[in-house]
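In the text below, chain A, chain B and the rest are named by the order of the sequence lines, each starting its count at 1. Side chains included, hydrogens not; waters and symmetry mates left out as well; all remaining heavy atoms used.
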Protein chains: 4
Amino acid sequence: MSESKRGRPRDMEVDRRVLDIAAAQLVERGYAGLSIDAVAEAAGVAKTTLYRRWPSKDHLAVAVTARMQEADPVADTGDIRVDLVNYLTHIVAAINRSRSLGLVAELAAAAARHDDIGELIHGVFTRRNALVLALIERAKQRGELRADTDAVVLFDQLAGALYYRVLFTGMPIDPAYAERLVTAALDGAVPTGEMS
Amino acid sequence: MSESKRGRPRDMEVDRRVLDIAAAQLVERGYAGLSIDAVAEAAGVAKTTLYRRWPSKDHLAVAVTARMQEADPVADTGDIRVDLVNYLTHIVAAINRSRSLGLVAELAAAAARHDDIGELIHGVFTRRNALVLALIERAKQRGELRADTDAVVLFDQLAGALYYRVLFTGMPIDPAYAERLVTAALDGAVPTGEMS
Amino acid sequence: MSESKRGRPRDMEVDRRVLDIAAAQLVERGYAGLSIDAVAEAAGVAKTTLYRRWPSKDHLAVAVTARMQEADPVADTGDIRVDLVNYLTHIVAAINRSRSLGLVAELAAAAARHDDIGELIHGVFTRRNALVLALIERAKQRGELRADTDAVVLFDQLAGALYYRVLFTGMPIDPAYAERLVTAALDGAVPTGEMS
Amino acid sequence: MSESKRGRPRDMEVDRRVLDIAAAQLVERGYAGLSIDAVAEAAGVAKTTLYRRWPSKDHLAVAVTARMQEADPVADTGDIRVDLVNYLTHIVAAINRSRSLGLVAELAAAAARHDDIGELIHGVFTRRNALVLALIERAKQRGELRADTDAVVLFDQLAGALYYRVLFTGMPIDPAYAERLVTAALDGAVPTGEMS
DNA sequence: GACTAATCGAGACGGTACGTCAAGTCTTGTG
DNA sequence: CACAAGACTTGACGTACCGTCTCGATTAGTC
């Protein structure tokens, strides 16, 4: 039933060491500065060993980022407004720290280059977002949000604004912006009582 | 008054021809498929001539895209809801057509790589968005939108959601999504009459 | 004892093919006409492979010439006068044939540019001259030449005159000149019996 | 009859300034380090102006060297042995000083590349050598040298040995070598009284 | 203990593009 | 005309990575 386990087994220590070093390079020198040769050398590992695990530089980069964002704190205080601001503030901090910005863009580009990488990336984001979507759903059931609220659309509005602003318009993001964002999304833009 | 114009003047025809060809390559073969050598050859121009005008491949790519998006149609029907849906629908179509997706991501990455490119990109988006921001402002003055609406935040929510969704979560975007987006942004998520 | 031979071994066939083609280019089109790109292409080899073995165009050229002059015929007839004339005549023929002249000058220039190349070139000439120096030594022991004859000086006079004449003064060299040269060097210029 | 002398006359000052600067570059950075662009810039002169006078870099280099070696001291003491040693010692000093070595080789290479440059170079050497050849001729007439001495061959032996030694074998040259050289050339290598 | 099968380290290799450099030509406008 | 300025062509150079390959040496489990 199980595939026969013959031959020398993989050294799991290698995975750890390579990902650590690749993460370091990625943070220090950006995506373009992540060189397979350099990582292999620094990890004391042959390039072939690298390619046996990650079929391309893009795959390695995705693996690194997947491991980097394991735990985003999502607390449910019962006040959706507060919870969302907290969460966005956390993301804002992560973006402003380190080089993660360029990295995120490069990953999106890699996703557009290769379908399989696209799936990996999308999986990463989907898993990361699931907790917040659940949060929103619970607020709907509590009646804090309208029953017809589309959780995904709401979340897209929030997270999307953040990335769009910083990536494309180059404007800064900070906790105050996160708060304005949540307010705007929750309250809407039309005058009260005039909804269609 | 003006700096004396000495020496052989630049051949403006070259700019046109190079940008045309680069645009074609970009659309046909994507960002990675844009090769300075190939463009130079196809344009019948020396590589050095290219580098005299655009100091790197990234710069050329930015120049190309800047020229590509001259006119996005922004009509003011007097109904902001309709105008925004129209505009977003137009962007959705542009994104779904051709390879522009990967290109956008690559440009964002390039922006993160070099500061000067960042400024160029941000300028492009800023100019492109100005018309829509003005549209929103007019709707505010008409009383169609609340007076305290932050136009930039509203726009970030709309455009950002679009790009975020398609780039990072890999979900499709279509006219229906554009409509849901506008509705959500304008009407908000909290039940009517419960605004803080 | 020997350094352990790890990694993929170099393909010696490549050396042979590259040197053959480079030699051909060198002879047909001269030093300036020797292009790394062209050689790599013609040899069906990547440029990087070339640079791994010869760190610059100059190094490659030296390697080519080193291989070209493996066997200069040095016969010992017992008559030093005859032997030297034969040898010089052979060199004269080699110089007059093909482009070797410019090549020799270029190599000397390359030697002045890079120290390591200098050593290579000097090694080539040293090895090439060793046989003739031995010939001269034997003539000394036979008593054909004076015991205090400095073999190196004598050889410098002969070979040097040849190259100097053709390279710097542009005068032709031929077998007759070779003979005059040997006569002059062996017999001296002062009237007999008037030596200091 | 005379070519019409119309238009702006050439600025002779330019020639001087350019040659000065080119000479400096040549000495400081060698032949490859002599860049037309750099010379033009340093001389405050347009490249076209340079090319109007010297049709190529090689021509400029030749012009520079021609001007550099105006006066080699040739004194006639009445003792040919002494005079030759003096002269060679002077050349040895010139070679050992500065970068002239590589330069000489490059010029020889340039001579082999273009016929017209060859003629220029050969002219330079011919003129430079004329005085020494005359010296040798006078020694012949005085009976200091054998009447059948070939002055050119003798000179080739002396100067040639110098250049050959230092360019091709990489051995050092010094006044002592110059002396050994003259002795060997004048006295010959065969035992006294055994001349054929 | 021999055999088999996979991993690992090392490094050569093909390929593709990059960005740079210098030579020499051409095109302006100015004196 | 000469000249300054600088754009342009041409051609090659050397470099940097990527991803593949070929070795020999380990390191298991299997027979």
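Counting heavy atoms from C-beta on, the side chains of B/R113 and B/D58 come closer than 4.5 Å. Looking at heavy atoms from C-beta onward, A/V124 lies out of side-chain contact with A/T65 at the 4.5 angstrom threshold. At least one side-chain heavy atom of B/L103 sits under 4.5 Å from a side-chain heavy atom of B/L107. Put simply, the side chain of D/V14 reaches to within 4.5 Å of the side chain of D/D11, judged on heavy atoms.
If you measure from atom CG of B/L60 to atom P of E/dG19, you get 10 Å, rounded to the nearest angstrom. In this entry the distance linking CD of B/E41 with C1' of E/dA17 reads 14 Å, nearest Å. Between the CZ atom of A/R6 and the P atom of E/dA2 there is a distance of 18 Å, rounded to whole Å. For D/L34 and E/dG24, the CG to P distance is 11 Å, given to the nearest whole Å. Between A/R113 atom CZ and F/dC18 atom P the separation is 12 Å, expressed in whole Å. As rounded to whole Å, 7 Å separates atom P of E/dA17 from atom CG of B/D37. Taking atom CD on C/Q25 and atom C1' on F/dA12, their separation rounds to 13 Å, with Å as the unit. Between A/Y31 atom OH and F/dA16 atom C1' there is a gap of 16 Å when expressed in whole angstrom units.
Comparing B/G33 and B/P9 against DNA chain E, the residue whose closest nucleotide sits nearer the 5' end is B/G33. For the pair A/S56 and C/D58, nearest-nucleotide mapping onto DNA chain F gives the more 5' position to C/D58. Mapping B/R53 and A/K57 onto DNA chain F by nearest heavy atom places B/R53 closer to the 5' end of the strand.
Phosphate proximity of F/dG11 to C/S35: absent, as no side-chain N or O sits under 4.0 Å from OP1 or OP2.
B/L50 comes within contact range of no nucleotide atom at all, as no heavy-atom separation falls under 4.0 Å.
A donor-acceptor pair under 3.5 Å links the side-chain atoms of C/K57 to the main chain of C/L34, judged by distance alone.
Residue pairs meeting the ring-ring contact (aromatic ring centres under 6.0 Å, His included) criterion with at least one member in residues 37-69 of chain B, sequence neighbours excluded, do not occur.
Checked by distance alone, A/R8 brings a side-chain donor or acceptor within 3.5 Å of a matching partner on the base of F/dT26.
The pair D/D15-D/R67 fails the salt-bridge criterion, with no side-chain N (NZ, NE, NH1 or NH2) lying under 4.0 Å from an Asp/Glu carboxylate O.
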Below 3.5 Å is the cut-off: list the nitrogen or oxygen pairs between protein and nucleotides 14-16 of chain E, distance only.
{"unit_1": "E/dG14", "atom_1": "OP2", "unit_2": "C/A46", "atom_2": "N", "d": "3.2"}
{"unit_1": "E/dG14", "atom_1": "OP2", "unit_2": "C/T49", "atom_2": "OG1", "d": "2.6"}
{"unit_1": "E/dG15", "atom_1": "O6", "unit_2": "C/T48", "atom_2": "OG1", "d": "3.3"}

